[in-house]
There are 2 protein chains.
Amino acid sequence: MPAAPALGHGRARCTTCMMRNICMAASLEAGEMARLDSVVQGWRSVRQGERLYRAGDPFRSLYAVRAGSFKTVVAPERGKETISGFYMAGDSIGMDGVCKETHNCDAIALEDSVVCVIPFHLLEALCREIKPLQRQLHKMFSAEIVRESRQMMLLGNMSAEQRVAAFLLNVSARYRERGYSATSFVLRMTREDIGSFLGVTLETVSRTLSKFQQEGLLTVQGKTIELLNLDALDAR
Amino acid sequence: MPAAPALGHGRARCTTCMMRNICMAASLEAGEMARLDSVVQGWRSVRQGERLYRAGDPFRSLYAVRAGSFKTVVAPERGKETISGFYMAGDSIGMDGVCKETHNCDAIALEDSVVCVIPFHLLEALCREIKPLQRQLHKMFSAEIVRESRQMMLLGNMSAEQRVAAFLLNVSARYRERGYSATSFVLRMTREDIGSFLGVTLETVSRTLSKFQQEGLLTVQGKTIELLNLDALDAR
DNA sequence: CGATCTGTTGACACTGCTCAATAGGAGTGG
DNA sequence: CCACTCCTATTGAGCAGTGTCAACAGATCG
């Protein structure tokens, strides 16, 4: 059956969402949050490996990750595709689509995931009424710019070891923000994904992790990581 | 004399500005453009080598480059500083400052330049009233995100030759957009700046330009470039 | 017109890529 | 539940593209 995208029709309930403090709803008062709720079209489930959207698709909505995680993949006309970001619950994706009203990358679920669908024209309308929401949206745009310029620094200047260390610390910090362990977690992406994101080969990622393990900075077992010495990683 | 920043006090006159079609005013009607004019605080001159703002400065305004050009420099706690972008007349800078209300990089004039100063809280207020302006601001944010993700692709995947070729073609296209020659121009930045932006050393930039010249793709004389074969450059 | 900054070119070293072989894990169907 | 397959990860060896260091030339600016 060529099913329509699975959309939840229950109300989004930002007010009870675990992610409300790091999501679009951050800094809104209860009444405002309810109005944001009302423009959220619903939820959409995306199975592992499925695409939430593809490069070239018309842009209509932003998506807030409610559960699960995604990677975004940019594919140039010629040349290899590259992973431009990893996103977990509480992050928003799709902002790259605004400027040409067309998505600029593929968003692929790294595990079975759920997103809130936020039609952009409704969000814009609401931002014209609710100043804190407008400010929050602008901050989210800006934060994405800053995140990317950090990544550019990483890609332009840092050694393979530094890149892997920075990546692990970044993942660690994001788990911590979300209330999970900062030192013990399971990576949802492959070595190839990590390598693509960091601008190195998957072999280099693997070797570097092994080396860090030998040096006692962490333990690796496949996708399971335990960080043993955050400071030493940071000193790379 | 510890002069206050040089602010022009004449009205900004978007309506007569050469850059109105690629700037924030793009897609506005005359009446709307006049209202944008009214929130532009004025002009500020920045001499070559001077900073428009520094990382850590409180964020208050966006800046539209009216004449001249800038580079933005990100300096991490540890490690080398990196050039994250080059901006010419018609481009806007400062959007990285919104998310933490603090500028995230230094913006340095590559030549004597003039910018329009646009206080952000006034711009936001106007965006709540003028839908096309709101949309344009969102597009500018998004375009910056897309530009950076292209740069990440370049830094992550491409060889030194490809990076230099892509850089030249990008500069070329931007001159063309602005009505200047796409094949003959003067670079305003040093080899070191280019290298930093492209994630290679200045020597590699220099060598690559020499190689392209030997192959008949272009001629170089210091900062003066003439592109002889855009297609061949693109084929790198 | 000297001092300093910027650009060019060469020689060499080293990081990280390529290619290759092997092992471990996850999912599938009998 | 096991056997099979496919995907992912690990590790090794050799090489190539860039970085590093150095010398010099050419611009630019006071």
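A note on names: the letters A, B, ... follow the listed sequences, proteins ahead of strands, and every chain is numbered from 1.
Comparing the start and finish of the helix from C/dC1-D/dG30 to C/dG30-D/dC1, five pairs each, the helix axis swings through 50°, to the nearest 10 degrees.
Between A/Arg163 atom CZ and C/dC17 atom C1' the separation is 13 Å, expressed in whole Å. Rounded to whole Å, atom P of D/dA16 lies 16 Å from atom CD of B/Glu161. Put simply, CZ on B/Phe212 is 14 Å from P on C/dT8, counting in whole angstrom units. Protein atom CZ of A/Arg47 is 13 Å distant from nucleotide atom P of C/dG27, rounded to whole Å. To the nearest angstrom, P of D/dG19 lies 16 Å from CE of A/Met158. Here C/dT8 presents its P atom at 12 Å from CD of B/Gln214, a figure rounded to the nearest Å. Taking atom CG of residue B/Leu110 and atom P of nucleotide C/dT6, one finds them 12 Å apart after rounding to whole Å. Atom CG in A/Asp112 sits roughly 11 Å away from atom P in C/dG27 (whole-Å rounding).
For the pair B/Cys17 and B/Arg20, the tightest heavy-atom approach, listed with the atom from each and the gap, is O-NH1, 2.9 Å.
Between the CZ atom in B/Phe59 and the CD atom in B/Glu101 there is a gap of 8.5 Å [rounded to 0.5 Å]. The OG atom of A/Ser92 lies 3.5 Å from the CE atom of A/Met140; values are rounded to the nearest 0.5 Å. Between atom CG of residue A/Leu198 and atom CG of residue A/Leu155 there is a gap of 7.5 Å, rounded to the nearest 0.5 Å. Within the model, atoms CD1 of B/Ile194 and OG1 of B/Thr204 stand 12.5 Å from one another, a figure rounded to the nearest 0.5 Å.
Aromatic pair B/Phe70/B/Phe86: ring centres not closer than 6.0 Å.
When the salt bridge (Lys or Arg N to Asp or Glu O under 4.0 Å) test is applied to A/Arg51, the partners found at least two apart in sequence or on another chain are A/Asp106. Residues passing the side-chain hydrogen bond (donor to acceptor under 3.5 Å, both in side chains) test with A/Glu226: none are found, sequence neighbours excluded. Remark: B/Glu144 engages B/Arg147 in a salt bridge (Lys or Arg N to Asp or Glu O under 4.0 Å) (not counting sequence neighbours).
DNA chain D is contacted by A/Thr190, A/Arg191, A/Leu202, A/Glu203 of residues 187-204 of chain A, taking any non-hydrogen atom closer than 4.0 Å.
A donor and an acceptor atom, one from each side chain of A/Ser149 and B/Glu148, are nowhere located under 3.5 Å apart.
Considering only side-chain N and O atoms, B/Lys223 lies under 4.0 angstrom from the phosphate OP1 or OP2 of C/dG7. Applying the 4.0 Å criterion to OP1 and OP2 of D/dT11, one finds that A/Ser210 has a side-chain N or O inside that range.
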Protein-nucleotides 23-30 of chain D N/O pairs under 3.5 Å:
none

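Salt bridge absent: B/Glu203 and B/Arg207 never bring a charged side-chain N and a carboxylate O closer than 4.0 Å.
For a distance-only test at 3.5 Å, the side chain of A/Arg207 qualifies as a donor-acceptor partner of the base of D/dG12.
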